[in-house]
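Note that ligands are numbered from 1 as they come in the structure, with each ligand's atoms numbered from 1 the same way. What's counted below: heavy atoms across the whole structure, side chains too, no hydrogens, waters or symmetry copies. Count residues from 1 along the sequence.
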Amino acid sequence: MLQLLLIIVAVVGLLMVMRREAGALPALGVLAATGIAGIVLGAPVLGTLLLIGAIAVAACGLPALRSKWLTPRIFATFKKVAPKVSDTERTALEAGSVAWDGELFSGKPNWDALMAYGDDGLSDEERAFVDHQCSVASGMTNAWDITRERADLPPELWEYLKKEGFFGMIIPKQYGGLGFSAKAQSAVLQKLAINETLMVTVGVPNSLGPGELLLKYGTQQQKDHYLPRLADGREIPCFGLTGPRAGSDATSIPDTGVVCKQVINGEEVLGLRLNFEKRWITLAPIATVVGLAFRMFDPDGLLGSEKDLGITCALIPRDTDGMEIGRRHHPIGSPFMNGPIMGKDVFVPLDTIIGGPEMAGQGWRMLVECLSVGRCITLPSGATGTSRYALGWSGGFARVRRQFNLPVAEMEGVQEPLARIAALSYIAQAAVMETANMIDQGEKPAVPSAILKSQLTEFQRDLLSHAMDIHGGKAVTLGPRNYIGIGYSANPVAITVEGANIMTRNLMIFGQGAIRCHPYVLEELAAKDADDLKAFDKAFFGHAGLIFGNTARAFTQGLGLGKAATPFDEVAAPYAQEVARLSAGFGLCADAAMASLGSALKSREMVSARLGDVLSNLYLTSMVLKQWHASDKVESEAALLHYSCRLLLHRAEQALIELFDNLPNKGLGKLLSWLVMPLGRRWTTPHDDLTREIAQQVSRHSALRSKLLGNTWDQQEEGQQDNPLARYNALLVDYDRAEALYRTINKAYAKGELPVEALHPEQRIEAAREAELISEDDARFMVAYEAEVLDMLTVDDFAFDAFAQQQEKVIWHNAA
Ligand SMILES: Cc1cc2nc3c(=O)[nH]c(=O)nc-3n(C[C@H](O)[C@H](O)[C@H](O)COP(=O)(O)OP(=O)(O)OC[C@H]3O[C@@H](n4cnc5c(N)ncnc54)[C@H](O)[C@@H]3O)c2cc1C
């Protein structure tokens with residue numbers, strides 16, 4: 001009995017010390033105290049064992065002792081096995097900042113650090129721009145017209161975008177730009193997601209490209225010349241990195257710039273002779289200035305002794321001799337401007353290098369540094385905007401479309417995808433706006449940018465498929481009345497660009513994150529590079545403490561003991577505690593994977609992807625919780641919070657379970673499973689009751705629907721293109737009255753009180769009016785309502801030969 005008691009005291013004491021990462025001394029104290037107690041109270045064997053444990057802890061844990069014998073040995077081994085970090089990887093690792101992602105890696109996220117990012121919303125000017133200019137621009141779009149009829153935006157829309165400064169959102173006011181915050185840029189792009197061609201056209205110049213590169217690295221002369229011209233659309237930029245041989249592996253570009261001299265107007269000019277072949281370059285067909293990435297060489301030593309200077313970025317005017325530009329690619333589903341650029345012996349002076357000759361060879365660093373911000377904004381905002389429109393349209397359609405005498409929104413089979421769209425939209429809105437808010441407060445989130453890019457564009461793919469399914473044939477039939485089918489088919493563009501999703505998920509989120517965000521790994525590698533034993537000792541044993549800490553936190557919290565403190569209300573707190581628990585589990589698994597696989601982890605992409613999935617889902621849950629905490633809540637929003645958090649935590653646990661099952665070391669997988677999920681899986685998929693409640697709310701005129709559809713073009717004004725969202729919203733306002741009348745009329749018909757041949761709704765309305773079952777006013781209302789519903793459900797048809805590009809190939813099957 002005494003022995004059992006001593007063991008329990010020792011284990012509990014050690015777990016408490018480990019949870020707090022309190023260091024070797026308190027652990028030594030626990031073991032020594034229980035050991036002495038054992039000897040004194042009559043359990044000499046156990047007491048001696050505990051004292052031996054105390055001596056081992058002292059020898060390995062106390063800095064003064066371990067640094068004499070243990071640290072040098074570990075350091076020598078570490079130097080042999082530590083993965084080599086290439087220059088390219090180092091550049092990526094050093095770019096951007098670490099914020100909440102680092103907290104999640106620590107296994108003990110400090111929620112106060114997340115709450116410290118206050119949010120004042122948009123400025124009055126930004127709000128007015130989103131409300132007015134974005135509505136006007138959106139009101140000039142029709143997907144069919146843009147995609148099929150003109151394969152371009154309408155000229156008046158181009159004009160408007162330039163005039164109102166849409167292309168200069170990131171350019172400061174002093175250069176004539178709008179100088180918008182990241183939140184405002186995101187809000188603009190979300191609203192413009194009504195049409196993906198419009199969203200991409202505005203998004204790209206405001207993302208990674210000449211504007212941002214000039215702002216960060218340009219010489220004053222370059223800034224003064226280009227920025228005002230980019231801001232008002234006199235210059236249209238593009239950025240060419242990708243070519244036929246270099247896609248995901250962008251640093252392998254074979255395009256060259258060789259330093260040479262050329263006589264221009266009788267004067268010898270030092271410059272670059274460029275030879276390049278680029279493809280898929282957005283805006284290239286109409287660009288006036290091309291940002292170009294190439295490998296720079298100086299074989300004749302005209303600049304110095306270095307012959308291979310590395311990747312360099314320059315700005316090349318369109319009309320430079322030797323450039324071939326203007327042809328178009330045909331991106332799936334969206335005719336945004338995109339095409340190849342070729343250059344043969346193109347000569348440009350050295351001052352075309354962005355930042356001037358001293359920035360030669362700095363191109364990769366510049367690109368990676370800029371990517372951390374742009375990748376958080378453009379595509380994630382497009383995906384979020386798309387989710388709002390898809391939800392608005394699908395909820396509206398499902399409510400007004402009746403089958404089997406019921407709105408299809410009442411059918412559980414439709415409620416399921418509808419609620420899923422709402423939850424994905426809710427999560428996306430939180431993730432993109434909360435991350436933009438962090439950017440506005442100085443963060444450059446490198447790992448979250450990869451999380452947002454890949455996760456939200458995957459959400460987009462998922463929710464657009466659900467929206468298509470809900471709409472049935474209405475969405476399948478293309479034409480001017482189809483508001484969703486063309487956008488659906490353009491989705492692979494978002495999946496592929498700015499780092500294709502497979503690589504982003506499998507390589508970048510955890511692969512970069514593990515070293516970038518880990519509290520100690522970067523320090524250990526730096527100590528190795530500097531051959532600094534003292535720094536290594538501090539980092540390595542800090543790391544060891546973290547592993548012990550995460551083990552204790554994951555295990556005890558997995559048993560439901562010692563839940564983390566959080567600043568949230570009672571609705572959100574349980575989820576925050578789960579984020580903390582799984583973050584400890586994630587931290588432990590990350591270390592276990594790194595330790596067991598070493599440098600092989602790089603090629604074990606499926607392991608890396610699953611760890612990335614855990615991190616991504618924890619990051620997204622945190623953003624949802626922060627949004628919940630900070631915003632005014634509306635009716636039934638709690639259901640959406642529950643649904644979203646359960647979905648994300650379920651996904652995080654699923655990724656962990658797959659990780660345990662697939663670690664090459666089976667024993668380690670089992671041990672981790674036992675430590676991280678001692679009671680097994682906690683989270684199942686969201687309950688059907690939540691699905692029903694959410695689907696009801698988003699398919700009706702409700703506060704929840706209005707909140708989710710913020711930042712959309714939802715007004716129909718004179719002279720604008722048709723706005724289906726505004727029309728659905730108007731129908732939903734009238735829905736309750738219409739539904740009551742449908743019931744009265746259909747009940748009467750079922751009872752035989754109306755003529756049996758009154759099959760059309762209009763005939764039944766008229767018959768019900770004649771039978772004085774409904775009033776004149778109700779009848780007029782129902783006729784108008786039904787007419788509007790029918791119009792919304794109507795699809796387009798075309799002349800037999802309308803789709804043939806070449807009339808001579810048309811087969812007139814039934815010609816007389
Ligand atoms: C419409 C469009 C617009 C674009 N706009 C521009 C632009 O303006 N400027 C510009 O420079 N580029 C642009 N791009 C290029 C774009 O960034 C690349 O398409 C993208 O980087 C992927 O390259 P890739 O298509 O050649 O795929 P590949 O590199 O051929 O990859 C094929 C598949 O392999 C996967 N893969 C590759 N390496 C790995 C790895 N290590 N681990 C796991 N999976 C991996 C990828 O994820 C992908 O699924 C555009 C592309 C398109 C289609």
Side-chain angles (χ1 to χ4, degrees), residues 86 88-89 92 147 151 196-197 199-213 236-255 276-287 289-294 311 313-316 325 327-343 363-364 366-368 370-371 374-375 378-379 382 449-450 453-454 457-458 461 487 489-512 601-610 612-613:
S86 68
T88 313
E89 286 168 323
T147 309
E196 60 298 319
T197 304
M199 198 294 288
V200 171
T201 304
V202 172
V204 166
N206 285 295
S207 189
L208 178 60
E212 197 177 359
L213 291 170
I236 297 288
C238 68
F239 190 81
L241 173 65
T242 309
R245 294 282 163 84
S248 301
D249 182 11
T251 53
S252 65
I253 43 172
D255 311 296
F276 56 89
E277 185 180 356
K278 302 290 188 186
R279 69 177 179 188
W280 297 329
I281 308 307
T282 301
L283 291 180
I286 57 162
V289 56
V290 177
L292 194 78
F294 53 89
I311 293 179
C313 299
L315 282 183
I316 321 290
I325 185 168
R327 290 184 66 76
R328 287 179 74 170
H329 295 305
H330 191 181
I332 189 167
S334 172
F336 65 88
M337 291 293 161
N338 184 274
I341 315 175
M342 243 66 91
W364 187 244
M366 289 155 65
L367 292 175
V368 172
C370 289
L371 204 59
R375 203 166 44 183
T378 311
L379 293 168
S449 80
K453 193 274 153 175
S454 60
T457 55
E458 291 297 339
R461 166 148 63 188
S489 60
N491 190 59
V493 174
I495 301 288
T496 304
V497 303
E498 289 199 359
N501 278 5
I502 293 181
M503 188 178 75
T504 305
R505 171 175 175 254
N506 287 262
L507 201 66
M508 294 162 100
I509 296 173
F510 183 77
Q512 270 180 17
L601 183 55
K602 262 190 196 171
S603 56
R604 288 287 186 154
E605 288 193 353
M606 288 188 267
V607 170
S608 175
R610 289 179 183 115
D613 288 348

query: Pick one: which of V289, L367, L315, T282 meets side-chain contact (heavy atoms from CB on, under 4.5 Å) with F239?
result: L367
field: Qualifying residues under side chain to side chain donor-acceptor pair (under 3.5 Å), relative to R327, sequence neighbours excluded
entry: none
task: Specify whether the nearest protein heavy atom to atom 49 (O) of ligand 1 is under 4.0 angstrom away.
output: yes
message: Among all the protein's non-hydrogen atoms, which is closest to atom 5 (N) of ligand 1, and how far away is it?
response: W280 O, 2.7 Å
field: Identity and separation of the nearest protein heavy atom to atom 20 (C) of ligand 1
entry: T496 O, 3.6 Å
- prompt: Counting only heavy atoms on the protein side, is anything nearer than 4.0 Å to atom 1 (C) of ligand 1?
  reply: yes
message: Which residue in the set N206, T201, V200 passes side-chain contact (heavy atoms from CB on, under 4.5 Å) when paired with V204?
response: V200
- prompt: Considering residues at least two apart in sequence or located in another chain, which fulfil the side chain to side chain contact (heavy atoms under 4.5 Å, CB included) criterion with T457?
  reply: L379, K453, A494, I495, N501
- prompt: Of the backbone atoms (N, CA, C, O) and the side-chain heavy atoms from C-beta on, which set of N338 has a member under 4.0 Å from an atom of ligand 1: side chain, backbone, both, or neither?
  reply: side chain
- prompt: What residue and atom, counting heavy atoms only, is the protein's closest point to atom 9 (N) of ligand 1, and at what distance?
  reply: F239 O, 2.8 Å
task: To the nearest 0.5 angstrom, please state how far the NZ atom of K278 sits from the SG atom of C238.
output: 10.5 Å
Heavy-atom nearest neighbour in the protein, as seen from atom 52 (C) of ligand 1, with distance rounded to 0.1 Å: V497 CG1, 3.4 Å
- prompt: What is the minimum heavy-atom distance between P285 and M337, and which atoms define it?
  reply: CD-C, 3.9 Å
task: Search all heavy atoms of F294 against all heavy atoms of C313 and return the closest pair with its distance.
output: CE2-C, 4.5 Å
task: State whether any protein heavy atom lies less than 4.0 Å from atom 39 (C) of ligand 1.
output: yes
task: Could you tell me whether atom 28 (P) of ligand 1 has a protein heavy atom closer than 4.0 Å?
output: yes
- request: Give the residue, atom name and distance (to 0.1 Å) of the protein heavy atom nearest atom 42 (N) of ligand 1.
  value: E605 OE2, 2.7 Å
Test item: R328 side-chain N/O and P335 main-chain N/O as donor-acceptor pair under 3.5 Å: yes
- prompt: Are T378 and S207 close enough, and set up right, to give a side chain to side chain donor-acceptor pair (under 3.5 Å), and what steps lead you there?
  reply: CA-CA 7 Å; T378 311; S207 189; 3.2 Å; yes
query: Quick one: does S248 get an N or O within less than 3.5 Å of an N or O on ligand 1?
result: yes
- request: Pull out every atom of ligand 1 sitting under 4.0 Å from any heavy atom of L241, numbered as shown with elements.
  value: 10 (C), 11 (O)
message: Check this for me - ligand 1, I281, N or O atoms closer than 3.5 angstrom, yes or no?
response: no
query: With a 4.0 Å cut-off, strictly under, does atom 33 (C) of ligand 1 pick up any protein heavy atom?
result: no
Heavy-atom nearest neighbour in the protein, as seen from atom 45 (C) of ligand 1, with distance rounded to 0.1 Å: M503 CB, 3.7 Å
task: Could you check atom 8 (O) of ligand 1 against the protein and tell me its nearest heavy-atom contact, residue, atom and distance included?
output: T282 N, 2.9 Å
- prompt: So, is T242 polar-close to ligand 1, with some N/O to N/O distance under 3.5 Å?
  reply: yes
